[in-house]
Amino acid sequence: IRYLVKLNRRWIYSICIIEGYSRKILAGMASEYQDELSILQLLHAALSEYGCPEGIVSDNGSVFTAHAYEQLLQKLEIQPCYIEKGKAWQNLIESQFKIQLRLADAYFEEAETLSEVEAQHAAFIQVFNTTNHWAHRMREDGLKTPVDVLGWERGRPVEPGMLRRIFRHLQFPRVVNRHGLVSVQRFYIYAERGLARQRVAVWIYEDRLRIEYQQTLLARYTCAVDRRQNALVSVTQPKLYRTPFVSPQLELFELDDEQWRKVLRRPPYAPRKSQESLARQLPLLNLEVILCLFLL
């Protein structure tokens, strides 16, 4: 986790996972938050594509010693490897921060919105992974870039079903309807109208609810959950992010925050009452007429 730039007096952070041998950044994101949920989202993306490593090296920050993080690694049989306090050099990614500073910090400083920072962050990862790395300068096989050195190598495979089961209490997919809403239990929650009929990921952790698409944060809410019933009680404080997926169609009416309700509570389910049909099917032919004709 690295501090990037301040927007509206709030820090934006760079969060990355790097593979130690090839130096390839497996997953990365620019985020307004450096909390457990951000780390779990990034781990999900990396593990889904690259499989499980033997261990993950990190510092002793609270997000890396949180119960949810350690429980996830335990279930996947991944060893948490904490560096010694005061010895940041033991964490390989610390040395990559200087590269990010030289290659991308000027672009981060010019960005005016979170979406621009996210775009520059994604561009940095692409450049970093495809540029000759100093660590590979002595290789005799001609492989100089992180993406070439890693190639098709992957960690221990993890079945998608197992990954879904492990993350099921944190992340679940939903399809956006034509109004830009997703249905979560008894609530309709706004995601992005420009992603109608697309599948997004909904993350719920403690009192936070996030909706993302392709590792891009669409919306963030504060929520309350009844742990005993495993039910969502309330969803409040919506914060929407402008992303490249915004609908190009202009709104017919401009609504302010009070008029535009981003969270709607679904009406309680009422079973339909059985009603006797008023229609009665008539016989195809009159049987008396048929018998008379037969007798004649």
Side-chain angles (χ1 to χ4, degrees), residues 10 29 31-45 48 66-69 71-72 114-115 118 160-161 163-273:
R10 290 177 59 92
M29 64 190 296
S31 172
E32 287 186 306
Y33 306 91
Q34 51 170 341
D35 55 9
E36 299 97 318
L37 189 52
S38 300
I39 301 300
L40 295 174
Q41 286 179 269
L42 208 58
L43 276 174
H44 184 273
S48 299
H67 175 70
Y69 174 83
Q71 188 178 46
L72 172 66
L114 178 60
S115 60
E118 289 175 332
L163 209 57
R164 283 195 298 270
R165 289 193 298 272
I166 293 175
F167 281 91
R168 70 181 182 277
H169 64 294
L170 297 172
Q171 185 261 4
F172 43 92
R174 284 293 185 270
V175 175
V176 182
N177 68 16
R178 61 191 180 93
H179 302 293
L181 303 169
V182 294
S183 175
V184 181
Q185 294 183 6
R186 307 309 302 171
F187 293 88
Y188 286 114
I189 306 172
Y190 187 80
E192 172 53 64
R193 189 165 62 92
L195 291 172
R197 295 185 294 277
Q198 298 297 318
R199 190 178 295 272
V200 298
V202 178
W203 291 81
I204 297 179
Y205 182 72
E206 295 184 345
D207 61 345
R208 286 153 287 176
L209 185 152
R210 294 184 186 178
I211 306 174
E212 67 167 12
Y213 178 72
Q214 296 179 353
Q215 299 180 43
T216 297
L217 185 60
L218 303 174
R220 178 184 174 93
Y221 298 84
T222 297
C223 65
V225 179
D226 183 344
R227 299 298 179 187
R228 291 185 178 181
Q229 301 294 329
N230 195 26
L232 204 58
V233 177
S234 65
V235 182
T236 58
Q237 299 181 26
K239 183 174 183 180
L240 307 182
Y241 296 89
R242 187 168 185 84
T243 69
F245 311 111
V246 65
S247 173
Q249 182 176 349
L250 298 177
E251 297 288 350
L252 185 60
F253 300 102
E254 290 291 337
L255 303 179
D256 58 28
D257 287 338
E258 292 185 1
Q259 295 171 319
W260 182 17
R261 298 180 61 188
K262 304 173 184 67
V263 180
L264 302 173
R265 185 180 288 271
R266 296 171 59 184
Y269 173 74
R272 293 183 179 180
K273 296 181 179 180

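Any value given below was found using the heavy atoms of this structure, including those in side chains, with hydrogens, waters and symmetry copies removed.
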Margin query: Check for me whether Arg220 meets the cation-pi criterion with Tyr33, that is, NZ or CZ under 6.0 Å from the six-membered ring centre and within 45 degrees of the ring axis.
Written below: yes

The ring-ring contact (aromatic ring centres under 6.0 Å, His included) partners of Tyr188 (sequence neighbours excluded) come to none

When rounded to the nearest 0.5 Å, the distance separating CD of Gln171 from CG of Leu163 is 8.5 Å

Closest non-hydrogen contact found for Leu217 with Thr243 is O-CG2, 3.6 Å

Here the pair of heavy atoms bringing Ser38 nearest to Met29 is O-SD, 3.9 Å

Which of Leu240, Thr236, Ile204, Asp207 passes side chain to side chain contact (heavy atoms under 4.5 Å, CB included) with Tyr221? It is Leu240

So CG of Leu114 and OG of Ser31: to nearest 0.5 Å the spacing works out to 8.0 Å

Scanning both residues in full, the closest heavy-atom pair of Leu232 with Gln185 reads N-OE1, 2.6 Å

When rounded to the nearest 0.5 Å, the distance separating OG1 of Thr222 from CG of Leu209 is 9.5 Å

Sequence neighbours excluded, the answer for salt bridge (Lys or Arg N to Asp or Glu O under 4.0 Å) partners of Arg174 is none

- prompt: If you measure only the distance, is there a donor-acceptor pair under 3.5 Å linking the side chains of Ser234 and Arg265?
  reply: no

Practice prompt. Output, in order, the C-alpha distance, side-chain angles, deciding distance and verdict of side-chain contact (heavy atoms from CB on, under 4.5 Å) for Glu36 and Tyr205.
Written response: CA-CA 8 Å; Glu36 299 97 318; Tyr205 182 72; 3.7 Å; yes

Between Arg178 and Ala196 the two heavy atoms that sit nearest each other are CA-CB, 3.9 Å

In terms of heavy-atom contacts, His44 and Trp203 come closest through CB-CH2, 3.8 Å

Minimal heavy-atom distance between Phe245 and Leu218, with the atoms involved, is CD1-CD2, 4.2 Å

Pair Glu118 + Arg242: basic N to acidic O under 4.0 Å: no

query: For Val263 and Phe187, what are the C-alpha separation, side-chain angles and deciding distance, and is it a side-chain contact (heavy atoms from CB on, under 4.5 Å)?
result: CA-CA 7 Å; Val263 180; Phe187 293 88; 3.8 Å; yes

Next item on the list: Quick one: do Leu181 and Val176 satisfy side-chain contact (heavy atoms from CB on, under 4.5 Å)? Show the steps, please.
Entry: CA-CA 5 Å; Leu181 303 169; Val176 182; over 6 Å; no

>> Assess the residue pair Glu32 and Lys239 against the criterion (salt bridge (Lys or Arg N to Asp or Glu O under 4.0 Å)); give the C-alpha distance rounded to whole Å, side-chain angles, the decisive distance to 0.1 Å, and a yes or no.
In response: CA-CA 12 Å; Glu32 287 186 306; Lys239 183 174 183 180; 3.2 Å; yes

- Message: Donor-acceptor pair, distance only, cut-off 3.5 Å: does the side chain of Glu192 make one with the backbone of Gly194?
- Response: yes

Exercise for review: Check the pair Leu37 / Arg210 against side-chain contact (heavy atoms from CB on, under 4.5 Å), numbers first and verdict last.
Suggested key: CA-CA 9 Å; Leu37 189 52; Arg210 294 184 186 178; 3.6 Å; yes

Between the CG atom in Leu195 and the OG1 atom in Thr216, the distance rounded to the nearest 0.5 Å is 9.5 Å

